[in-house]
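Beneath this line is the structure, given in structure tokens, with notes to follow.
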Amino acid sequence: MDPIAIAALVLVATIAAGILLSVPIAVSIGLGSFFAAIVLLDFEKAALVSSQRLFTGINSFTLLAIPFFVLAGVLMNTGGIAGRLIDAAKVLVGRTPASLANTNVVANAMFGAVSGAAVAAAAAIGTVMTPRMEQEGYQKPWSAAVNVASAPAGMLIPPSNTFIVYALVSGSSISALFIAGVIPGLIWAAACIFVVLLTYRRYSSPQAAQPVTFRQALWVIWRAVPSLLMIVVVVGGIVGGYFTATESSAIAVVYCLVLGFVYRTIKVSDLPRCLLDAARTTAIIMLLVGVSTALSFVMSFSHIPEAVSDLLLGISESPNVILFMMVVILLLVGTFMDPTPAILIFTPIFLPIVTAFEMDPVHFGTMIVYALSVGVITPPVGNVLFVGARVAGLGIEPVVARLVWFLLALIVGLLLVVYVGPLSLWLPDQFGLLSE
Amino acid sequence: GGGGGGDVTILRVSLNQTETHPSYIALDNYSDRLEERSDGRLRLDIFPNETLGAQAEVMQLVSDGIIDMAIISGSQLENLDLDFRVLGLPGLFDSVDHQMPVVHDPEIVGDLYTSLEDSNGLTVLGGLTQGSRHIYLKEDIDGLADLRGKKIRVQESELNLAMIRALGGSPTPMAFGEVYTALQSGVLDGAENNEVSYYTQKHYEVAPYFTNSNHLVGLDYMVVSTENLNALTPEDRALVEEEWENTWKDHTQLWEEATQEAITETKAGGATYIEIDQDEVREALEPLADEFLTTPEQRELYDKIRAAAGEQER
Amino acid sequence: MEPIKKGLDGVLRGASVALFALLVVVVVWQVFTRQVLNSPSAWTEELARYTFVWVGLFATALVFSERGHIAVDFVVTKFSAPVQKAVAVVVQLSIILFAGAVLIYGGIRASRGAWGQSLSALPTQVGVMYLVMPITGVLIAFYAVYHLLAVLRGVEAAIEVDDNPQVV
Ligand code: NA
Ligand code: NA
């Protein structure tokens, strides 16, 4: 047998076996790459190349944006912004039918705009909203489903760590990706509101919307604005060319610190814990990025992306069909894998194929992030689902039963993002962020 | 080195450019000629787009024999041995036609190219030109004096920073991918590069004034794993070396064509090519040699190369 | 082993917090020098990148100490208790193999190879920076041995339930 074929087999078998046996995903990828490299080279060279790729994979100024955005998110959350964002969201959705459910969706989208952490959104917003919705006559499993379905919108709305990881492996501009994610993120939220409006009658008893006075509205918006200004600082700074994404992430940290000290929600003695929390999340992502850099070396070295490309092109030469196959694969992978490792594994394989038929890498970025974000709310592995159900005091089964329509609508939204390029590319193009 | 089945030797080459770049095309032609002359026994497997890694790491992978060959920028080799800095000094080469014969003249660079064999397991086979580099700007200038205080993007290195300072500008290190946006928004007043990058990166859209500053003629090296090179049969090794000579000549020709195309296209896209006094530029850059040449050997190499420029003028 | 683990955890926490704080300062300084002082600093980016790698790998070791790296356990939870225990042993042995071969052996080898390779702006070598790999490799292997023994003695669960799950 050809050593390259053996290496490919060893690679896939090790990673699959490792993941199924609950070996940390990063270790599974690291060992798979290492074993495959032994087949291609020898033990010493395999160890050397694996470690060197691991190190250089994380030695990146781009990646540095992740710890800062994570830290900014932790600081914001420590400052307890969930309540303010919910109040502001409530004013924004006004007296629409099922206004509390829509409030939950909009609050999650806003939370996503100040922190990319979908689990933190589901926990912070759900903890407040799900009981309040129950009081007002909404069925609890459905309320939890609304919260769970809408929480991942923040993974598309900037700032977004998943886009940073994608920028790293694809070589595309973070700035362009951040701006490109805005409309798909709003589509995500809109899909949730659409299902809310379609189904709320079955899951809630009629309730009168609370009128909000103009003065009250101004007051709650005023209270939420300083938090929401963070996205203005980040996106405005990038679009205006004042600083890079990494620099803007550092500015976001400073901004959150100042805000926390002014509001007296953060004490200096809180800082070590905040730094440690952010360092932990960052470490998990970093190790994945590091071992995936070794993986992509082994894959390139043995021409695996070309082999997959030939395989897919053998099934069909139509870009639309190939994209559809990719969407199906990504949705399946997303059911059991987090977005970051899946992006790290599949981008090097899929991106050369789609760029060959002239899809913009930024567009493919919104596609892959959106598709994999769907997985965070599906069993068997879906931490947003788990946390959303837990803060509602429910098991996952009743929530999953209420999620079906949301999932369908989100997938329709995904197909729009995949097949209507301007939804992703129009905004960054307006700001001159698409260089090619 | 190599791999693959049977008696076929495949040399893996890492490249940081795309498949349309002259370097890739020249290497692809190199592979074809090797395959033809060896009756299919020897060929290259070229990995473009840094798929095997960025240059600093790839250089180490070559020295360990994991990758056989790589195209590496001069600044990477400077990090191993400062003597390579001589060939990267601004103002050293007058033109590509001065540069290419010099960097393949064993009399001049022979010792330098084998100097990393024992220490790092790297043999330098030769160089590929990266063209004359020039400063381009958002606004028109009349001469070097107008460059004063202008923020010019450079690749991050001591020498590059000193170079822009010597020309009166304010050097601003920045990642290549961010330059377009920074020029557009005015974070940068200008940048410096060759005509080809000026065109392919569309910088002419946001910085339409291209000078003829000719401050530096860029050079990439072809480095080979010494271990893997020594493992080749004498016939194969001779083929690799002979066909390399045809490769850099082929590449120089391709580069010239790409440069001419870039000039035509950028002019059509609204770029203006402006003339400044090149002697003034050369004079401003001269102190850099005193500042950055630290040993008598480096000075000797520098003088030999300058002398070769004189020969050409005659 | 317990007191050693506690001590190491403390050291890693301290180092992570201190280096992370330094990282924030360095990048903010970079923005400041470029935007306000108008004279960008040449060494900040390199310092930030290497600090990031060090803090990230230290924190990675800490997460191994807490068994917090994301893993897929929905298959394993369906196994019987003895099988779960066997799987837990395989998991920790995999971590030891990874740490030993890639981080320690490969890291030392890579460090030796890059010992003479200077950084662009900082007065040290790439090989020195690579030392973080064998250092964290030893820590990770230690933690894996600790968990392996703890699982075998029955003081730790075969499958750790993550109280604070995240999406990465
Ligand atoms: Na976000
Ligand atoms: Na899932």
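Per chain, numbering begins at 1; letters A, B, ... match sequence-line order. The basis for the numbers below is simple: all heavy atoms, side chains too, and nothing from hydrogens, waters or symmetry mates.
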Option in A/Gly18, A/Ala47, A/Pro379, A/Ser248 with maximal non-hydrogen atom pairs under 4.5 Å from chain C: A/Ala47
Compare all side-chain heavy atoms of A/Ser51 with those of C/Leu103 and state whether any distance is below 4.5 angstrom. no
Under a 4.5 Å cutoff for heavy-atom pairs, which residue among A/Ile25, A/Ile251, A/Ile66, A/Leu288 has the most contacts with chain C? A/Ile25
Counting only non-hydrogen atoms closer than 4.5 Å, can you tell me which residues of residues 5-23 of chain C sit against chain A? C/Arg13, C/Ser16, C/Val17, C/Phe20, C/Ala21, C/Leu23
Sequence neighbours excluded, which residues qualify as side-chain contact (heavy atoms from CB on, under 4.5 Å) partners of C/Val89? C/Leu93, C/Leu148, C/Leu152
Honestly, the part of C/Val167 sitting under 4.5 Å from a heavy atom of chain A is both
Which region of A/Val384, side chain (C-beta onward) or backbone (N, CA, C, O), has a non-hydrogen atom less than 4.5 Å from a non-hydrogen atom of chain C, or is it both or neither? both
Heavy-atom cut-off 4.5 Å, strictly under: side chain, backbone, both or neither for A/Asn59 against chain C? both
Pick whichever of A/Val381, A/Ile285, A/Leu64, A/Val49 has the most heavy-atom pairs under 4.5 Å with chain C. A/Leu64
Residue part contacting chain C, namely of A/Met337, when any heavy atom lies under 4.5 Å: neither
Would you mind telling me which of C/Leu62, C/Leu97, C/Ile104, C/Val90 has the largest number of heavy-atom pairs within less than 4.5 Å of chain A? C/Leu97
Only pairs of heavy atoms separated by less than 4.5 Å count here; which of A/Gly30, A/Pro67, A/Ala46 has the most with chain C? A/Pro67
Side chain, backbone, both or neither: which part of A/Leu63 has a heavy atom under 4.5 Å from chain C? both
Mind checking whether A/Phe55 and C/Tyr130 have parallel, tilted or perpendicular rings, split at 30° and 60°? perpendicular
Determine, step by step, whether A/Ile58 and C/Leu57 satisfy the side-chain contact (heavy atoms from CB on, under 4.5 Å) criterion, reporting the C-alpha distance in whole Å, the side-chain angles of both residues, the deciding distance to 0.1 Å, and the verdict. CA-CA 9 Å; A/Ile58 52 189; C/Leu57 286 177; 4.1 Å; yes
Checking A/Ile343 against chain C: side chain, backbone, both or neither under 4.5 Å from a heavy atom? neither
Top residue by heavy-atom pair count (under 4.5 Å) with chain C, among A/Val165, A/Ile19, A/Asn161? A/Ile19
Proximal component of A/Thr281, with respect to chain C [non-hydrogen, under 4.5 Å]: both
For residues 70-77 of chain C, give me every residue with a non-hydrogen atom less than 4.5 Å from any non-hydrogen atom of chain A. C/Ile70, C/Ala71, C/Val72, C/Asp73, C/Phe74, C/Val75, C/Val76
Tell me, side chain or backbone of A/Leu271 under 4.5 Å from chain C's heavy atoms, or both, or neither? neither
Approximate separation, where rounding is to 0.5 Å, of A/Thr246 OG1 and C/Arg49 CZ: 11.0 Å
Side chain, backbone, both or neither of A/Ala117 within contact of chain C (heavy atoms, under 4.5 Å): neither
How many angstroms lie between OG1 in A/Thr340 and CD in C/Gln166, if you round to the nearest 0.5 Å? 10.5 Å
Segment of A/Thr56 engaging chain C (4.5 angstrom heavy-atom cut-off): side chain
Heavy-atom cut-off 4.5 Å, strictly under: side chain, backbone, both or neither for A/Val291 against chain C? side chain
Do you know which of C/Val24, C/Val91, C/Val168 has the most heavy-atom pairs with chain A at a distance under 4.5 angstrom? C/Val168
Please classify the contact between C/Glu66 and chain A as side chain, backbone, both or neither, with a heavy-atom cut-off of under 4.5 Å. side chain
Measuring from atom CE of C/Met133 to atom OG of A/Ser50, what distance do you get when rounded to the nearest 0.5 angstrom? 10.0 Å
Considering only heavy atoms from C-beta outward, does the side chain of C/Phe98 approach that of A/Ile29 to under 4.5 Å? no
What part of A/Arg273 gets closer than 4.5 Å to chain C, counting heavy atoms only: side chain, backbone, both or neither? neither
Kindly determine whether A/Phe68 and C/Val28 satisfy side-chain contact (heavy atoms from CB on, under 4.5 Å), including the steps that lead there. CA-CA 11 Å; A/Phe68 291 147; C/Val28 171; over 6 Å; no
Could you tell me whether a side-chain N or O of A/Asn383 sits under 3.5 Å from a main-chain N or O of C/Pro165, the two making a donor and an acceptor? no
With only heavy atoms counted, which part of C/Val126 is less than 4.5 Å from chain A, the side chain, the backbone, both or neither? neither
Per-residue tally against chain A (heavy atom, under 4.5 Å) across C/Val55, C/Ile95, C/Ile108 peaks at C/Ile95
How long is the span from the CD atom in C/Glu45 to the CZ atom in A/Phe61, to the nearest 0.5 Å? 5.0 Å
What distance do C/His69 atom NE2 and A/Ile284 atom CD1 have between them, rounded to the nearest 0.5 Å? 6.5 Å
Return the option, out of C/Val132, C/Ile159, C/Val102, with the maximum number of heavy-atom pairs under 4.5 Å with chain A. C/Val102
C/Val87 versus A/Val23: any side-chain heavy-atom pair under 4.5 Å? no
The interface call for A/Leu54 against chain C, heavy-atom contacts under 4.5 Å, is side chain
Taking only residues at least two apart or on different chains, which pairs with a member in residues 45-65 of chain A satisfy salt bridge (Lys or Arg N to Asp or Glu O under 4.0 Å)? A/Lys45-B/Glu227, A/Arg53-B/Glu57
Measuring heavy-atom distances to chain A, does C/Phe64 have an atom under 4.5 Å in its side chain, in its backbone, in both, or in neither? side chain
